[in-house]
Amino acid sequence: MALAPSESLEWSLPVPSVQELAIQKLDKVPLRYVRDDLDQTTPSNPSLRVPLIDMNKLVNPEFHEKELQKLHFACQEWGVFQIINHGVFDESLSKMRQQVQEFFDLPLQEKKRWAQKPGSLEGYGQAFVTSEEQKLEWNDMIFLKTLPLQDRSLNFWPGNPQEFRKTLESYSEDMRNVAVSIVRFITMGLGLEAQKFCDTFEEGTYELRMNCYPPCPEPDRVIGLNPHADISGITLLLECGDTAGLQVLKDEHWVNVEPVNGAIVVNLGHIIEIISNGNYKAPDHRAVVNNSKQRMSIVTFCYPNPSVDIGPAEKLIKSGSPPVYKTLTNAEYFHSFFNRKLEVSFIDSLKIQLS
């Protein structure tokens, strides 16, 4: 049974701006943000680091095999890694960071010109708020669909800062190029035909979420972003500074993903987990906040062409392993996600139930 519109995850109720709350210099956070229910486990051994992959080595015949093994390990054991030498100019990354900073620095009423509207997640606001009683995350965000061109709703694209739209357009193309390159090597690691999957991401859909996590007077009692795994193929995250906040769950411990200068964080999504038939996992991750520094991030969700079914790769099934997940059309996949209850594990609902 479909959920009522107010319960659907395809749009979100309006909520207060967290930036505006932070400006008030509160001693305590409002009750609706208090999350004493969440596990605030101390991150594991600080020396534990998310794997770092060098794209130059992946394309260099001399180092390719060793770096591909390193990537395969990262996908199997972590589901997240950072990439350097990804081919995007530092200037392009800096421009995008600057535009995001300038947007969130705008007065609230100016930002509200591009606020979310009922029936859509796009625009400025917060995602997945379905009731007035729901606990809230300590962030503000703007979410936009960028590729293909026909998916764009330019009425949600900020016209201020002046260079925002032009910069976002260029950045989206850069992220698509990065995604296609990474997918090539991820599928190689699985022993699959890489070009087939590259083509589906070349013609895929790309969505951006730009996050602002203001300082918080009680950082240990709130959450910047709830623990979750992504439904994308892969997700690319660019930090806008050197303030850490992203954490990934590894062996039941939250591990900080420390910003690396010039690197992009790559997070596997459920689509890659399904294609790999469970060999690779989409990791749970979250964002935490602090009491002194604002953090911003730019997240690109990368999906294959909507005409392609989502299911385990045939080659992996033919090799003797039974399929772990159902094969769904793109429409069925997203319908299942957006019409589920928030407390229901999405990936578990897609598993084939053995009788």
By side-chain contact (heavy atoms from CB on, under 4.5 Å) - contacts of [X] (at least two apart):
| X | answer |
| --- | --- |
| P304 | T200, F201, I271 |
| S170 | D174 |
| E102 | Q98, Q99, P161 |
| Q69 | E65 |

Got a sec, which residues hit ring pair (Phe, Tyr, Trp, His ring centres under 6.0 Å) with [X], two or more places apart in sequence or on another chain?
| X | answer |
| --- | --- |
| Y171 | none |
| Y280 | H72 |
| F63 | none |
| Y213 | none |

**Message:** Once you measure the plane-to-plane angle for F337 and F346, does it fall in the parallel (<30°), tilted (30-60°) or perpendicular (>60°) bin?
**Reply:** perpendicular

Which residues pass the salt bridge (Lys or Arg N to Asp or Glu O under 4.0 Å) test with [X], sequence neighbours left out?
| X | value |
| --- | --- |
| E173 | R176 |
| E137 | none |
| E258 | none |

**Item:** Donor + acceptor pair across side chains of S17, D140 (<3.5 Å)
**Value:** yes

**Complete:** Here the side-chain hydrogen bond (donor to acceptor under 3.5 Å, both in side chains) pairs for residues 83-95, sequence neighbours left out, are D54-N85

